Amino acid sequence: MGCAVTAAPFRGRPFGAGLGRMGTSSTAAAAFLLAATLLSLVWANLPGSSYEAFWHTPAEVAVGGRAIALDLRHWVNDAAMAFFFFVVSLEAKREFAVGELRDRRRARVPIAAAVTGLVVPAALYVGVVTWGGAPPEAAAAWGVVISTDTAFLLGLLAVVGRGAPAALRLFLLTLAVVDDVGALAVVALAYTDELRPAPLAVAALATAAIVVLRRVRVWRGLVYFLLAFVVWFAVLESGVHATIAGVAIGLAMPVYPPHREKVEQATDAALLFSRAPNPRRGREAALRIARAVSVNERLHALYAPYVNLLVVPVFALANAGVVIDAATLRSAAASPVTWAVVVGLVGGKLLGVALGTAGAVALRLGRLSPGLHARHIVAGGAISGIGFTISLFIADLALEDPALQSDARIGVLAASLLAAALSAVVFASAARTDRYRASPTQALVRPVDPGRDHVRGEADAPMQLVVYASFAFRDAGRVVETVDELRNQLGERMALVFRHLPTDDPVAHEAAQASEEAAAQGRFWPMHDALAARAGRLTSREVRRCAAEAGLNLDRLDDALRHGTHVARVTEDAVDAATMRLPRPPCFFVDGLRYDGLLDIDELRTALLARATDHPRTPART
Amino acid sequence: MESTVPARPRRTAVVTGAAGGIGLECARLLLARGDAVALLDRDRRALRAVTEELRREAGDERVVSAEVDVADGFALREARDDVATRLGTPVDVVVAGAGTMAGGSFADGVPGEWADMIEANLTGMLGTAQTFLRDLLAAADAGGPSDLVLVGAIAGSIGFPRFAVYSAVEAAVGQLARTLRLELGERGVRVHQVQPGVTGTRLGATMSDRAARREWSALRSAVPPADAAVVARTVAFGIDQPPHVTIADLVVLPTRQDALLPTVQGAPAPSRSRWGAR
């Protein structure tokens, strides 16, 4: 963990501009984190002990006779970081409910890799610490090595992993969500000192109160804030780490895709406002617009920028400052804890991710996306070795002795640097192998499979045209005309295969998902034709009109869109397209090889006929 | 005792849905008896295969085929002209066997699928009947037998849960048969309705609702289905009767079907009434 970033790179939802956008930009978050880390290191190594003195300053909040007394570092670690955990659990819940992890079947391989990526580092850590003869309490810090810092992961991936297939980014992001969930569980369950049930019950009651208030639609933010504070305080008193309050509240927030009726009501209210702009109507419109989006996503949009650009860098400022001089370095070099952290993070993560992936594929739990090879997974494992935020967090949690803490922190810094360097090397090597193995003409990474693909015509036709297209871009009409004419001319000798390459426009995504639901109802091609007839002029409402024209059950379509049932299938095609680095739609593949020519019917026909005589097609196996 | 059955006249038949199922078996049986048959179906590949096979057995002059979607009135018309030219003899039997079946709960039903069913099973039947009606009337006026065979389903006469639209369409076919019998009977054209129960054909293999598909194949394993060839024999029986006698309704059911689904409207439902007929 380390960055609360949305784990859905291919959703294509346009986010708000300005600070909101910067807040969820992984590069900005990584840059701030890096800057804060460097600042803390400089500060800690200044002469005098101003760093430690500052962060150990006690600060007390007293109301009447009761007081909460913590030092500044723990105000950051126990209070401010609750917001971080809150945002992370909002994201995790969203991904599991409506995002990439909704279709668990497709995500089995990254989930398996994440689980082994949690277990193997911990095992290695415990092994090295016990073998190295460290004091017994050092073994309790196994949680230091389990989690990856998502901010640094994404930031570094953008730099060294530029040549890697797009599918790897999706793989790592899915892995990061499960990794976060594992780390949260560990913090909640493994690092509880003594459990006091009474305050825990109070916390549970307050969380329940929040859920109930949501159900009865209380909208005043202040009430929730007060209740959230009660939950936090109760958890603090109960012995469980106070940040778990953030998790509990995050998980209690409902997540759902916008209901169409609510969006329409919001549009109506906005229209009403535009006719007679007065404060009451303005407020009504603003409220309806806000309420059309789920609470989860609203809260995420509100808090994520502050968490990413403020809370986490301040955390780094408070925790990463370790004195680096000859004495501490010698102690660290001799300490099994430091070595255990380095081995656990750098080696354990790499081994864990690689073994987990290999095991999952070997056990036929799933398949790697086409275009992803072992070398990419190894690179992914290497870059996962950057544990930073959560590693420092748990180091503070698990270790009391300042010497051990210093050793652990140095270990974390060293491991992160080493993992970064190692991943740069591995990615460069993988990119070299990619270039070496690349074929001169780009081939389809995923062969046509009649069981999965939408094929118009006979699957064993001598000529095969695969088109990666979207329903909602300007030239869509011309593409459809050309392809239809080709089909008229070539008849049953040509099979047309359609795959999704949605543009960034949300209507394009909606249309793509709607066409997949049409396929589920056995009417893909009627829906395709209806959408194509309205190409370039699609709106959400038109998509539904097309669905009615195609004879779809509209209630089932609404359900499918609301639950994101087909997001994973559309994403699969989009990821393949990104792996093949396809530019904007449409992109054609004649007989499995990329067609680079003009969108012209004669040229396409020539290309199809040329390849048809070369390769008589064998009937596709299902 | 010597048989005094008069020699059976040679018939000229048009069979829709002839590339498979009941249509194919009717065509086969009629050809084997020496009749001439025009095969109509919309599945080009299957039709081609079936035509070749039947031509090998019966010779080229008696077998004619045309790729026709019965919902397309114009294609039917062209097919009629084509058949008249190629077969030479006037058509006096029409077997309307084209049809599809789709199921699933009504709430989850796909309107496009219903429309396809209505088009193929009902609209197509109307088109078929009307297109060849003049030929049938001419045959009746000439004094010979003239038969319109509408292949429906027992589903049209019973409650068939989770196949609501299919049974509604088949009920429409039944009512059509009833009324046409009156209207055309006085002109000498006999209208037969065949109502098979669960029959061993590929009907229902392409329905989109997976649960309904499973339900249907479970029913077919539980009830040994009637053979399409048997249904064809009942059709032949019907058209063989002297012209002044009509076997109006031919209900062909697997013997075990009643145990699983009541075939009479209003009979008490047996314990495992989860399946439907045909």
Side-chain angles (χ1 to χ4, degrees), chain A residues 105 450-452 454-462 487-488 490-495 513-533 543-563 565-566 569 617 619-620 622, chain B residues 19-20 41-49 51-52 65-69 71-72 75 99-124 162-166 168-169 202-217:
Chain A
R105 240 177 341 116
R452 168 201 184 272
H454 309 295
V455 182
R456 194 168 216 171
E458 299 298 322
D460 55 355
R487 270 183 47 240
N488 281 341
L490 296 171
E492 63 172 23
R493 289 178 292 158
M494 181 181 94
Q513 289 181 54
S515 72
E516 285 299 324
E517 173 59 19
Q521 294 184 23
R523 305 194 71 77
F524 177 82
W525 289 107
M527 181 63 167
H528 167 274
D529 293 342
L531 287 170
V543 170
R544 274 170 187 77
R545 195 202 293 275
C546 291
E549 242 178 66
L552 259 61
N553 181 319
L554 294 179
D555 283 338
R556 277 169 67 181
L557 173 66
D558 278 345
D559 283 346
L561 289 176
R562 195 187 355 265
H563 296 127
T565 315
H566 302 290
R569 170 64 176 79
R617 181 166 308 289
T622 350
Chain B
D41 201 288
R42 67 180 174 187
D43 182 344
R44 183 184 304 178
R45 285 196 173 187
L47 186 62
R48 217 181 301 160
T51 313
E52 276 171 25
S65 76
E67 183 192 341
V68 171
D69 185 341
D72 182 351
T100 60
M101 178 172 79
S105 81
F106 186 73
D108 291 340
V110 180
E113 231 179 3
W114 301 340
D116 287 346
M117 251 197 305
I118 294 170
E119 277 217 333
N121 299 17
L122 184 57
T123 314
R162 280 170 297 286
F163 285 82
V165 180
Y166 176 71
V169 171
R202 293 200 70 243
L203 187 74
T206 54
M207 59 176 111
S208 73
D209 188 311
R210 226 177 297 154
R213 236 193 344 252
R214 273 199 300 260
E215 202 179 317
W216 179 240
S217 48

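To find a chain, count down the sequence lines: A is the first, B the second, and so on, and within it residues start at 1. What you see below is based on every heavy atom in this structure, not just the backbone, and it leaves out hydrogens, waters and symmetry mates. Keep in mind that what you see is a predicted model, and the values were worked out from it rather than measured.
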Inset, instruction - Can you tell which part of Ala102(B) gets under 4.5 Å to a heavy atom of chain A, answering side chain, backbone, both or neither? - result: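 Interface part for Ala102(B): neither.
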Please list every donor-acceptor pair closer than 3.5 Å that links chain A with chain B, giving the two atom names and the distance for each.
| unit_1 | atom_1 | unit_2 | atom_2 | d |
| --- | --- | --- | --- | --- |
| Arg523(A) | NH1 | Gly112(B) | O | 3.3 |
| Arg523(A) | NH1 | Asp116(B) | OD2 | 3.0 |
| Gly551(A) | O | Gly112(B) | N | 2.4 |
| Asn553(A) | ND2 | Ala107(B) | O | 2.8 |
| Asn553(A) | ND2 | Asp108(B) | O | 3.4 |
| Asn553(A) | ND2 | Gly109(B) | O | 2.7 |
| Arg556(A) | NH1 | Asp108(B) | O | 2.4 |

Inset, instruction - Please round to the nearest 0.5 Å and tell me the distance separating atom CE of Met207(B) and atom CE of Met101(B). - result: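 It is 4.0 Å, given to the nearest 0.5 Å.
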Looking at every non-hydrogen atom in both residues, tell me the closest pair between [X] and [Y] and how far apart they are.
{"X": "Val543(A)", "Y": "Ala514(A)", "answer": "CG1-CB, 3.7 Å"}
{"X": "Ala120(B)", "Y": "Gly99(B)", "answer": "CB-CA, 4.5 Å"}
{"X": "Gly104(B)", "Y": "Ala212(B)", "answer": "N-CB, 3.5 Å"}
{"X": "Val455(A)", "Y": "Pro450(A)", "answer": "CG2-CA, 4.4 Å"}

